[in-house]
A.B. asks: 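The structure is given below, and queries will be raised subsequently.
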Protein chains: 2
Amino acid sequence: MNFNAITIRDIAKALGLSVSTVSKALRDSYEISTQTKKLVAEYAREHNYRPNPLAQSLKKGHSKTIGIVVSTIENQFFSQVINGIESVAYKAGFNVIITQTHESYELEVKNVAQLTHHALDGLLISLSAETKDVEHLQHLNKQGLPIVFFDRVSSDIKTHKVIADNLKGGYDATKHLIEAGYKRIAHITSPPNISITQERLAGYKQALKEAGRPIEEQYIKYCPHGGRDTEEVEIAINELLALPNKPDAIFTTSDRITTTTLFLLNKAGIKIPNDIALAGYTNTTLADVLNPPLTSVYQPAFEMGQKAADMLLQLILSKRPVTEFETITLPTQLFIRQSTHSVG
Amino acid sequence: MNFNAITIRDIAKALGLSVSTVSKALRDSYEISTQTKKLVAEYAREHNYRPNPLAQSLKKGHSKTIGIVVSTIENQFFSQVINGIESVAYKAGFNVIITQTHESYELEVKNVAQLTHHALDGLLISLSAETKDVEHLQHLNKQGLPIVFFDRVSSDIKTHKVIADNLKGGYDATKHLIEAGYKRIAHITSPPNISITQERLAGYKQALKEAGRPIEEQYIKYCPHGGRDTEEVEIAINELLALPNKPDAIFTTSDRITTTTLFLLNKAGIKIPNDIALAGYTNTTLADVLNPPLTSVYQPAFEMGQKAADMLLQLILSKRPVTEFETITLPTQLFIRQSTHSVG
DNA sequence: TTGAAAGCGATACCAG
DNA sequence: CTGGTATCGCTTTCAA
């Protein structure tokens, strides 16, 4: 508040009262007479008094704000998660600060530092695609900053976590492709170090195994930045198309990889699903009006945000240190559309 | 910072120095000996000292954070604007707090209050669809809070503004539809009170006039919440379809209205562009892979964010009160795709 | 019922 | 070169 706001002292002076009386009156303390309260309240309203939150926070030792770290808000999945977080945070009187890592470890570290600089009561984070160690978080956590992971989590920090059932998501999509008659199912995914990649990949493998299909590494492609750059997806697709036995179906993870794959296949004149079928993770509301409508794994993003915020608030508000942590797994949903129409 | 962070006082005590010496050493003051500086710096690093930003802000009178108010971050246009804002804010060492109005006037007022409660140095805002008066902003502005409008602006507050060339956007899209041979061009848009609606509508009308076409009110439909609710778009479309002379093309404004219209027309089995052509405002990267690929007006969202942040920073950092304000108008781009293929 | 004063953490002026 | 002290705006004992 660098602008000329009226302070409690101004009110005190104007009304011939003491600062403490005004403060108490404003907070409706039982110690203050009804008359004085009325007087103060009126003056405050008329002059549009707003307590300086900085001063309040400094005094009280908490800021009533929580920080969110995601890779990009352009990704609908994350903006939906954020909406979920906000819906519960606001209700509890907490504010929210959002920062983006753009899949960069360096930015993640910077942003977390920046955020905690700004005095948070808690942190909600989904790791960047590059992140391999969580030293920067561990330290804060040990110092007492409550942290809750969502989506992309780390097993190196013991705290609450909220994830989608990634294994089942990968399994469902792959199984569907198998049942639809596809023979050579490729998988384009995020880098191997992040949790969602591993879990979804495990689902993919499990479905293949159950169907007695071989798992071929040549059909599995990783995008170092989770599809942030179009080129990485393009490389993956080109490698797949150059295979002697090129795939007849692709299962993609993450919004970005999915839509980029769709874009690139269209651009290359490859017909979906006739030439290659496509099933992918996405939370876009546009899945139905894509060309073709896209078979997709949908994650309950809003609920994920709500749950994560709930758990964080619980940590923040807890009187005693919490030592028991849980990981909540939310179900995903497979929507079958024309991009994976049955073969034959 | 409710967690046990180490303070300047702790350092002073541990090192047998005074608080002020430590403070100065940390800020690399010329008054302090190199030796002491080294000592302090080392201790600070080892113990991971972070200055409490709350205390700093309180003392310095500014918080180094700017607030952003948009309708929804799920809208790609806005998330792109935010990315633009962040790119310049971070470079200048400013943090960013984002809040969403979900097109509600009430939420806008609440959020602005909430934000300023949290001690901002400046505010960047795109008005909600419901907002008709800006009393809540006027007051803050008069108190000295720098405000810059973008996208949906108000003429009631004299300050910097950044907008897209909405008139030209509306004009280009409509003219294109006319030239492509469409005869009855409808327009589905946001509520009439917000600036972008008026400007785009003006462009639509101008194109029709220039082509010697009549402007028929029955072809112009407003969505009270800018397409936030599917129903409002559905009502608009149904009314258009029920017309004796139903339109053969629709020009939609706003991401949400555009994609919802596409969805609803598809759902109703109406072929685009054969039954009805569609051209709409959208910033989604998916325009190319929609069914059909969508003719659209694209706004330079990232640049808009950059410009707005630039101007806000300029206001914040200015030594003397600024009295000269400007409105920057950014060009839009019309991308012609299959949803408006030429007739015949 | 009201007020004086300490203190949250950091900064800056002024002495020494 | 170092340290004491007032201050930012507010909350909270403790006295009066």
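Here is the naming used below: chain letters follow the sequence lines, and residue numbers restart at 1 for every chain. Heavy-atom basis, side chains included; hydrogens, waters and symmetry copies ignored.
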A.B. asks: Side chain to side chain donor-acceptor pair (under 3.5 Å) with Gln56(B): which residues, sequence neighbours excluded?
C.D. replies: none
A.B. asks: Taking ring pair (Phe, Tyr, Trp, His ring centres under 6.0 Å) as the test, write out the residues that go with His47(A), two or more places apart.
C.D. replies: Tyr43(A)
A.B. asks: Tell me, which of residues 33-43 of chain B have any heavy atom that sits under 4.0 Å from an atom in DNA chain D?
C.D. replies: Ser33(B), Thr36(B)
A.B. asks: Between Glu106(B) and Lys110(B), is there a side-chain N and carboxylate O pair less than 4.0 Å apart?
C.D. replies: yes
A.B. asks: Would you say that more than 12 heavy atoms from the other residues, nucleotides or ligands in this model lie under 6.0 Å from the NZ of Lys161(A), or not?
C.D. replies: yes
A.B. asks: Taking only residues two or more places apart in sequence or in another chain, which ones pass side chain to side chain donor-acceptor pair (under 3.5 Å) with Thr36(A)?
C.D. replies: Ser33(A)
A.B. asks: Assign a letter to each nucleotide of nucleotides 9-16 of chain D from its 5' end: B, base within under 4.0 Å of a protein heavy atom; S, sugar-phosphate only; -, no contact.
C.D. replies: BBBBB---
A.B. asks: Excluding sequence neighbours, so at least two apart, what forms ring pair (Phe, Tyr, Trp, His ring centres under 6.0 Å) with His136(B)?
C.D. replies: Tyr105(B)
A.B. asks: Side chains of residues 77-92 of chain A: which donor-acceptor partners sit under 3.5 Å, not counting sequence neighbours?
C.D. replies:
{"residue": "Ser79(A)", "atom": "OG", "partner": "Gln76(A)", "partner atom": "O", "Å": "3.1"}
{"residue": "Gln80(A)", "atom": "OE1", "partner": "Asn283(A)", "partner atom": "ND2", "Å": "2.8"}
{"residue": "Gln80(A)", "atom": "NE2", "partner": "Asn283(A)", "partner atom": "O", "Å": "3.1"}
{"residue": "Asn83(A)", "atom": "OD1", "partner": "Gln100(B)", "partner atom": "NE2", "Å": "2.5"}
{"residue": "Asn83(A)", "atom": "ND2", "partner": "Glu74(B)", "partner atom": "OE2", "Å": "3.3"}
{"residue": "Glu86(A)", "atom": "OE1", "partner": "Gln100(B)", "partner atom": "NE2", "Å": "2.9"}
{"residue": "Ser87(A)", "atom": "OG", "partner": "Gly84(A)", "partner atom": "O", "Å": "2.7"}

A.B. asks: Distance alone, cut at 3.5 Å: any donor-acceptor contact between the side chains of Asp151(A) and Ser126(A)?
C.D. replies: yes
A.B. asks: Identify the 5'-most and 3'-most nucleotides of DNA chain C with at least one atom closer than 4.0 Å to a non-hydrogen atom of chain A.
C.D. replies: dT1(C) to dG9(C)
A.B. asks: Would you mind reading off the bend of the helix from dT1(C)-dA16(D) to dG16(C)-dC1(D) from its two end axes, five pairs each, to 10 degrees?
C.D. replies: 50°
A.B. asks: Compute whether any side-chain donor of one residue and acceptor of the other, for Ser18(A) and Thr21(A), lie under 3.5 angstrom apart.
C.D. replies: yes
A.B. asks: Which residue pairs pass the salt bridge (charged side-chain N to carboxylate O under 4.0 Å, His left out) test when at least one of the two sits in residues 30-44 of chain A, sequence neighbours left out?
C.D. replies: Lys24(A)-Glu31(A), Asp28(A)-Lys37(A)
A.B. asks: Quick test of your reading: applying salt bridge (charged side-chain N to carboxylate O under 4.0 Å, His left out), list the pairs with at least one residue in residues 124-135 of chain A, sequence neighbours left out, ordered by first then second residue.
C.D. replies: none
A.B. asks: Among residues two or more places apart or on two chains, list those pairs meeting ring-ring contact (aromatic ring centres under 6.0 Å, His included) that have a residue in residues 6-37 of chain A.
C.D. replies: none
